[in-house]
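Residue numbers begin at 1 in each chain, while the letters A, B, ... track the order of the sequences.
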Amino acid sequence: MNVTPSPQTNAASVSATLNAWFTENARDLPWRRDGFGAWGILVSEFMLQQTPVNRVIPRLEEWLARWPTPASLAAVPPSEAVRAWSSLGYPRRALWLHAAAVQITELHGGVVPSDLDDLLALTGIGDYTARAVATFAYGYRHPVVDTNTRRVIARAIAGAGEPSPPSRGRDLESMGKLLPQSAQEAALFNAAIMELGAVVCTSRSPHCDVCPIRNVCAWRAADYPEYTGTRKAGQKKFEGSDRQVRGLIMAELRSTHRSVTDAELDTLWPDSVQLRRALASLLADGLAMRAQGGYTLPV
DNA sequence: AATGCGTGGGG
DNA sequence: TCCCCAAGCAT
C-alpha cells in the first residue's frame, strides 16, 4: 500500500525533522539562553536586522549590561544609544530602539508588549520583529518569516533556487502551512527553519550534503534548477555613495563628546556638496543636530 | 512598491 | 578585485 505523501504529511515531516535537528544542532547564542528575557530578545532583533550574528553578540552584551531594562535606556539621551550602537551599521536602528524603549516605558509600564499590534506600533518594529518577539519571548504561535525562512521554503517546498520577492500574505501563508499545532513546537520550528537557512541552506553555497531534510527537498528532487524569476534590485555601489559619507560623518560624531565643526567635517570627504547633502540627511533623520557652532549626536 | 539606509566578511 | 550578502524597516 503505497501512500502518496499529502502536503500535510510532508509539512509534518519537515517540521518534525527540523525540530529534531535543531534540538541537537542549535548554536549557543545569547538570546537562546533560558531567561534571556523579552527586552534582551527585542534588542537582539533590532541589532540582527541586516547585521550578522557574530558582529551583534559583543554589542548586545555591552548594551544589556548597561541598559538591562527599557526604562534604563529610555532614561538616557538618544546620543548614548547611537554611540553604543558603535559600528553595527544602519544607526537609525539605534534611534528607533531608543524611541521604542521610551514608548514601552510610557505606554506599557516598562514591560515589552506581547501583542502583535502593540509591538507593530513601536518605532522600528515591523512584521518580522513583532512576530519574532511575540514568538521567541512569549511563546505565541505566530509564523515568523525572515530571509532565511523564505529561502528554505523556496527550495525545500517550492523547488526553486531562490525565493521570489517578498510578499507578506503569501509568505505568512506558506509558513503557516508548515507550522506545528502546538505553540511550543511552533516556536521551536520558527527558530529551526531560520537556523537551517543561516548555517546549512545558505544563499551562496548551501551545504546540501549535511542537510537534515535533503531527502524531502523539492529543489534537490528537481536537480537544483537555477532561479529564473525576477531578482530584487541589487545594492548600489557603496564606494563614493552618500551612504559612505553618512557613515564617515557618524563615525566622527561618535568619536567625541564635543561638537564637531564644519571645518573638521570638510576633512572627511573631498566633495563638499556631497558632504553637505549627507549631513542634511543625517539632520533630517535625527542622527545629528546643530550645537555650539558645529554638530553633535542627538541629545 | 521601489528605494535608501552601514559595515564588514566571504566566494 | 569585485560583487553579494547579512534575523528589515520606513517612506
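To the nearest 0.5 Å, the span separating CD1 on A/Ile213 from CD1 on A/Ile193 amounts to 7.0 Å.
The interatomic distance linking A/Phe46 (CZ) with C/dC9 (C1') rounds to 9 Å, in whole Å. As rounded to whole Å, 12 Å separates atom P of B/dG10 from atom NE2 of A/His207. Atom pair A/Glu162:CD and C/dA6:P shows a separation of 10 Å (rounding to whole Å applied).
At the heavy-atom level, A/Thr129 lies under 4.0 Å from the strands shown only through sugar-phosphate atoms. Heavy atoms of A/Arg27 sit under 4.0 angstrom from at least one base atom.
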As a quick check of understanding, evaluate salt bridge (Lys or Arg N to Asp or Glu O under 4.0 Å) for A/Asp146 and A/Arg151, giving each step before the final call.
CA-CA 9 Å; A/Asp146 78 330; A/Arg151 184 173 54 252; over 6 Å; no

For A/Arg246 and A/Asp285, run salt bridge (Lys or Arg N to Asp or Glu O under 4.0 Å): C-alpha distance rounded to whole Å, both residues' side-chain angles, the deciding distance at 0.1 Å, then the answer.
CA-CA 11 Å; A/Arg246 283 170 56 105; A/Asp285 286 347; 2.8 Å; yes

Assess whether salt bridge (Lys or Arg N to Asp or Glu O under 4.0 Å) is satisfied between A/Glu173 and A/Arg170, documenting all intermediate values.
CA-CA 5 Å; A/Glu173 185 185 357; A/Arg170 187 163 41 71; over 6 Å; no

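Open room surrounds OH on A/Tyr140; 12 or fewer heavy atoms of other groups in view lie less than 6.0 Å from it. Counting heavy-atom neighbours within 6.0 Å of A/Gln184 CD, excluding the residue itself, gives a total of 12 or less.
DNA chain C is contacted by A/Leu29, A/Trp31, A/Arg32, A/Glu45 of residues 28-45 of chain A, taking any non-hydrogen atom closer than 4.0 Å. Interface residues of residues 235-260 of chain A facing DNA chain C, ordered by number: none; criterion, heavy-atom separation under 4.0 Å. Non-hydrogen atoms lying under 4.0 Å from DNA chain B are contributed by A/Ser87, A/Leu88, A/Gly89, A/Tyr90, A/Pro91, A/Arg92, all within residues 83-92 of chain A. Non-hydrogen atoms lying under 4.0 Å from DNA chain C are contributed by A/Asp146, A/Thr147, A/Asn148, A/Arg151, all within residues 141-156 of chain A. Of all the residues in residues 47-64 of chain A, A/Gln50, A/Thr51, A/Arg55 reach under 4.0 Å from DNA chain B with at least one non-hydrogen atom.
Without hydrogens or angle criteria, A/Thr51 side chain to A/Leu48 main chain gives no donor-acceptor distance under 3.5 Å. Side-chain N or O atoms of A/Arg59 include none that pairs as donor or acceptor with a backbone N or O of A/Trp85 at under 3.5 Å. Looking only at distances, a side-chain donor or acceptor of A/Arg32 sits under 3.5 Å from a matching main-chain atom of A/Arg27. Side chain of A/Arg83 to backbone of A/Thr256: a donor-acceptor contact under 3.5 angstrom is found.
Contact annotation: the side chain of A/Trp96 never approaches that of A/Ile125 to less than 4.5 Å [non-hydrogen atoms, C-beta and beyond]. The shortest side-chain heavy-atom distance between A/Pro206 and A/Val200 does not fall under the 4.5 Å cut-off.
Distances were taken from every side-chain heavy atom of A/Ser205 (C-beta onward) to each of C/dC9, C/dA6, B/dG11; the shortest belongs to B/dG11.
Side-chain atoms of A/Arg204 and base atoms of C/dC4 include a donor and an acceptor less than 3.5 Å apart.
Using a 4.0 Å cut-off between a side-chain N of Lys or Arg and a carboxylate O of Asp or Glu, A/Arg214 and A/Asp209 do not qualify as a salt bridge.
Aromatic ring centres of A/Trp219 and A/Tyr224: separated by under 6.0 Å.
Not counting sequence neighbours, the partners of A/Glu162 by the salt bridge (charged side-chain N to carboxylate O under 4.0 Å, His left out) test are A/Arg231.
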